[in-house]
There are 2 protein chains.
Amino acid sequence: MVEMTTQAGSATRPRAPLNKERVLAAAVALADEGGVDALSMRKIAQVLGVVPMALYKHVANKNELLDGMIDVLVAEIDPPVGDTDWKTAVRRRVLSARRMLLRHPWAPEVIESRIKARTTPTPAVMEYLDSMIGIFRAGGFSIDLVHHAMHVMGSRLLGFSQELFEDTSDREPDPDAMPPEEMAARYPHITELAMAVAHDQESVVGSGCDDQFEFEFALDLTLDGLERLHGTG
Amino acid sequence: MVEMTTQAGSATRPRAPLNKERVLAAAVALADEGGVDALSMRKIAQVLGVVPMALYKHVANKNELLDGMIDVLVAEIDPPVGDTDWKTAVRRRVLSARRMLLRHPWAPEVIESRIKARTTPTPAVMEYLDSMIGIFRAGGFSIDLVHHAMHVMGSRLLGFSQELFEDTSDREPDPDAMPPEEMAARYPHITELAMAVAHDQESVVGSGCDDQFEFEFALDLTLDGLERLHGTG
DNA sequence: TTGACGGGTGTACGGCGTACACCTACCGTG
DNA sequence: CACGGTAGGTGTACGCCGTACACCCGTCAA
């Protein structure tokens, strides 16, 4: 056997060069088959035929890896369809999200834990929420009603159970947070909603919306629906 | 300084004897102040002034500890009130559950992960669900409607986002599972519901209910409610 | 007196995330 | 052509984790 060529040994397996996408794909595959407990940097490295520390040239740490995995999942959700009423558009999108969640049963737990730890959801999640808001707006919903609607849909949108936007004003600001103008450009609907809510109540800047009210709003909407089906009251 | 008495050194702090409740309480307190990531057997032992392995005389392992912590939380939910209509009874109970979840923000993530790993929720959770079903039944709901209602309420009942009872027929049976007759005695409403669902569809024993149908049922109930508020369609 | 046993201890192992120093192949520039 | 920078893979090492296993001691029934 002659000596190796300049590009990657031919005696060993050629091994395509690593990159963030390949790392994330391997991580998602590993989680799919063994659950999130079976996911470790060392195992990911192993299936990629690489030493564990090599991964850190492509993801900063395990938390960023988890964030990246969430983005991969969100990208699997079908984009919104254009030419229908809001109701079927929302319906299709949510059912598509559900199919994604069924393919990746570990997702809700990871999304839950990561959302609690970050000040802002990942860009992909933001985009998803923004376009969902856009569907309601295009359907003629008032900004207030959209706000309530998003809270009501909460757990069906991505599996997270409590608030989408918790009060993050007490956490120290993310060093590389997005400037407001870019925020407004990238997520117009979220921005519109956030502004309206902030205006609505002249409270201190921060939390923005009354989570307790939103929870009860959603609860009562559900109970009223059940009552109607039951035919009492 | 003289020698110690027979019952616990008096020079060191007396240190009450350990038991499962004290272990669980310490674990919950630790999670409350540092999140679930800050929870480790070693830290629990430390705050209890004991060596890590001592905990294992009271809980089998960390998973059982987590299950026990969930039970502690569920016990914090107010018991159902008797003399009102179903709607306010459910409303109060769910709001009480929400207050508990707000006190323990780490709870949804833990409940999520533990429910996925067990064949049956812990007894305390079962009891909670059973009594919730009982409220609907006492309100005159048909067993089918209760079934749908529980799915609809899903994420608001305890923060779990997907199915309460996933298909566990593929998992090897829990060695110390509860015999059916005890099941029926302890959780009469759950049993009634499970029987009805199993009868309903003459499918193989197992999963029992059509999760996809239930998801869409809940989704449509929500969308219809929003539509009514919006005044279109 | 003894022997079982409930409950706290000590040691040790394998796995984890990751800091840090290194090495090497490549590239644009002089 | 020489050369320094840089991107990306390597190796070692540290401190934390859960927990298996052997031990030890105080209590109490026989």
Side-chain angles (χ1 to χ4, degrees), chain A residues 3-27 30-31 34-69 106 109-110 113-114 117-118, chain B residues 3-27 30-31 34-69 106 109-110 113-114 117-118:
Chain A
E3 66 183 10
M4 300 180 178
T5 69
T6 57
Q7 59 149 4
S10 54
T12 79
R13 216 156 295 123
R15 207 181 68 194
L18 228 48
N19 57 43
K20 187 159 182 175
E21 288 71 43
R22 296 218 314 133
V23 171
L24 293 179
L30 228 44
V36 74
D37 289 342
L39 190 71
S40 77
M41 300 302 270
R42 289 166 140 95
K43 289 210 191 95
I44 299 168
Q46 189 181 319
V47 314
L48 290 171
V50 110
V51 90
M53 286 310 294
L55 304 179
Y56 287 85
K57 301 289 177 173
H58 304 278
V59 296
N61 50 50
K62 191 173 183 181
N63 279 338
E64 193 191 284
L65 176 99
L66 292 174
D67 289 340
M69 292 170 70
W106 46 273
E109 184 184 343
V110 171
S113 77
R114 290 307 301 147
R118 292 175 56 95
Chain B
E3 65 183 8
M4 300 179 177
T5 69
T6 56
Q7 58 150 1
S10 54
T12 79
R13 218 156 293 125
R15 207 181 70 191
L18 228 48
N19 57 45
K20 187 161 183 174
E21 288 72 44
R22 296 219 313 132
V23 172
L24 293 179
L30 228 45
V36 74
D37 289 341
L39 190 72
S40 77
M41 299 303 268
R42 289 167 139 96
K43 289 210 189 95
I44 298 168
Q46 190 182 318
V47 314
L48 290 171
V50 111
V51 90
M53 285 311 292
L55 305 178
Y56 287 84
K57 300 289 177 174
H58 304 277
V59 297
N61 51 49
K62 191 174 184 182
N63 279 339
E64 193 191 284
L65 177 98
L66 292 173
D67 289 340
M69 293 170 68
W106 47 272
E109 182 184 344
V110 172
S113 78
R114 289 307 301 149
R118 290 175 56 94

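By convention in this document, chain letters (A, B, ...) are assigned in the order of the sequence lines, proteins followed by strands, and residues within each chain are numbered from 1. Side-chain atoms are counted along with the backbone in the values below, which use heavy atoms only and exclude waters and symmetry mates.
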Novice: Is B:H58 near enough to C:dG8 that one of its side-chain N or O atoms lies under 4.0 angstrom from OP1 or OP2?
Specialist: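 Answer is yes, contact under 4.0 Å.
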
Novice: With a 4.0 Å cut-off on heavy atoms, is A:M41 in touch with a base, just the backbone sugar-phosphate, or nothing at all?
Specialist: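 Sugar-phosphate contact only.
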
Novice: At what distance, to the nearest 0.5 angstrom, does CG of B:L65 lie from CD1 of B:I44?
Specialist: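 Answer for the CG-CD1 pair, B:L65 versus B:I44, is 4.5 Å.
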
Novice: Nearest whole Å is fine: how far is D:dA7 P from A:L18 CG?
Specialist: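 A:L18 atom CG is separated from D:dA7 atom P by 16 Å.
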
Novice: State the NZ-CG distance between A:K57 and A:L18, to the nearest 0.5 angstrom.
Specialist: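 Reported value, rounded in 0.5 Å steps: 12.0 Å.
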
Novice: Would you say the base of C:dG15 and the side-chain of A:R42 have a donor-acceptor pair closer than 3.5 Å?
Specialist: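 Checked by distance alone, the answer is no.
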
Novice: How would you label the contact of B:K62 with the nucleic acid (heavy atoms, under 4.0 Å): base, sugar-phosphate, or nothing?
Specialist: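 If one applies the 4.0 Å heavy-atom cut-off, B:K62 turns out to touch the sugar-phosphate alone, with no base involved.
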
Novice: With respect to the phosphate group of D:dC16, does any side-chain polar atom (N or O) of B:K43 fall under 4.0 Å of OP1 or OP2?
Specialist: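 Checking B:K43 against D:dC16: no side-chain N or O falls below 4.0 Å of OP1 or OP2.
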
Novice: If I take atom CD in residue B:Q46 and atom P in nucleotide D:dC17, what distance separates them, rounded to the nearest angstrom?
Specialist: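 Distance, rounded to whole Å: 9 Å.
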
Novice: Of B:N63 and A:A54, whose closest DNA chain D nucleotide lies nearer the 5' terminus?
Specialist: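 Nearest nucleotide further toward 5': that of A:A54.
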
Novice: To the nearest Å, how far apart are A:L65 CG and C:dG17 P?
Specialist: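 In whole Å, C:dG17 P and A:L65 CG are 10 Å from each other.
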
Novice: Rounding to a whole Å, what distance do you find between A:L39:CG and C:dG17:C1'?
Specialist: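 Taking CG of A:L39 and C1' of C:dG17, I get 12 Å after rounding.
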
Novice: Without decimals, in angstroms, what is the distance between A:N61 CG and C:dC16 P?
Specialist: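 Between P of C:dC16 and CG of A:N61: 17 Å.
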
Novice: Please determine, for the side chain of A:M53, which listed nucleotide (D:dT10, D:dT19, D:dG9) has the closest atom?
Specialist: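 Among the listed nucleotides, the one closest to the side chain of A:M53 is D:dT10.
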
